[in-house]
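This report refers to the structure that appears directly beneath it.
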Amino acid sequence: MKMENTIQETAQYIQQQFEHDASGHDWWHIYRVWQLSKSISECEGGDLFIVEMAALLHDLDDWKLSAENGTKATDWMSRIGIDPDASDQIQTIIREVSFKGAGVETKPNSLEAKIVQDADRLDAMGAIGIARTFAYGGHKNRLIYDPAIEPEMHHSFSDYKKSVAPTINHFYEKLLLLKDRMNTDTGRKLALQRHQFMEEYLEHFFSEWNLKINS
Ligand code: NI
């Protein structure tokens with residue numbers, strides 16, 4: 001029962017922290033990753049409490065949203081009295097989850113980290129992924145597309161972070177790479193459908209851009 005309360009309390013805290021986000025990392029992103037992590041964990045196993053806590057806290061100190069090396073997740077866990085071992089495990093997962101560029105490997109070690117990373121990546125794919133990508137691009141004042149700017153495969157995290165390329169490039173620099181980077185079988189299965197939908201979307205996008213009539 002105590003664990004269930006801890007999760008509910010954490011969900012409330014996160015909801016209030018992310019209330020006003022307009023970058024595509026709003027509360028509903030966290031909520032979807034949380035639910036998806038639970039579903040994947042039902043098929044794949046893992047410690048459900050660790051999975052849920054890490055899913056809820058995974059973007060709290062994200063480099064895209066706040067200064068690097070934030071301590072909000074750690075502070076919250078000590079405030080609600082999570083035991084230090086579990087807290088360490090959750091912090092490791094949070095560090096391992098985020099995407100740092102096309103050529104930069106971020107392989108998670110534990111099953112719990114694999115699950116949360118899959119869930120987070122799945123939410124960047126498919127219909128929701130497309131919506132979030134354009135929301136984030138708008139938030140960063142990026143163009144939708146510029147034919148003069150080629151996609152670029154970033155081999156370091158600092159290059160990836162500095163990118164100001166149009167949003168369509170982000171599909172090639174990140175989103176279309178995700179299906180081959182899934183950790184679990186359940187994640188791979190879900191990723192495939194979402195991947196196909198993004199490819200279809202891009203096909204339509206470019207046929208409209210080039211004024212070709214679909215036959
Ligand atoms: Ni996320």
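Just so you know, ligand 1 is whichever comes first in the structure, and atom 1 is the first atom listed for that ligand. Predicted model only: the values in this text are computed from it and were never measured.
- Trp34 and Glu52 are linked by a side-chain donor-acceptor pair at a separation below 3.5 angstrom, with hydrogens and angles left out of the test.
- The ring-ring contact (aromatic ring centres under 6.0 Å, His included) test with Tyr145 singles out one residue from Tyr172, Phe171, Trp209, Phe134, and that residue is Trp209.
- Between Asp118 and Arg181, the shortest heavy-atom distance links the atoms OD1-O, 4.5 Å.
- At a cut-off of 2.8 Å, measuring from the Ni ion (ligand 1), the protein N, O or S atoms that fall short of it are His29 NE2, His58 NE2, Asp59 OD2, Asp120 OD1, waters left aside.
- Residue-environment remark: CZ (Phe205) exceeds the threshold of 12 foreign heavy atoms within 6.0 Å.
- Contact detail for Cys43 and Thr186: the closest heavy-atom pair is CB-OG1, 3.4 Å.
- Taking all atoms of both residues into account, the shortest heavy-atom contact from Val51 to Val116 is O-CG2, 3.7 Å.
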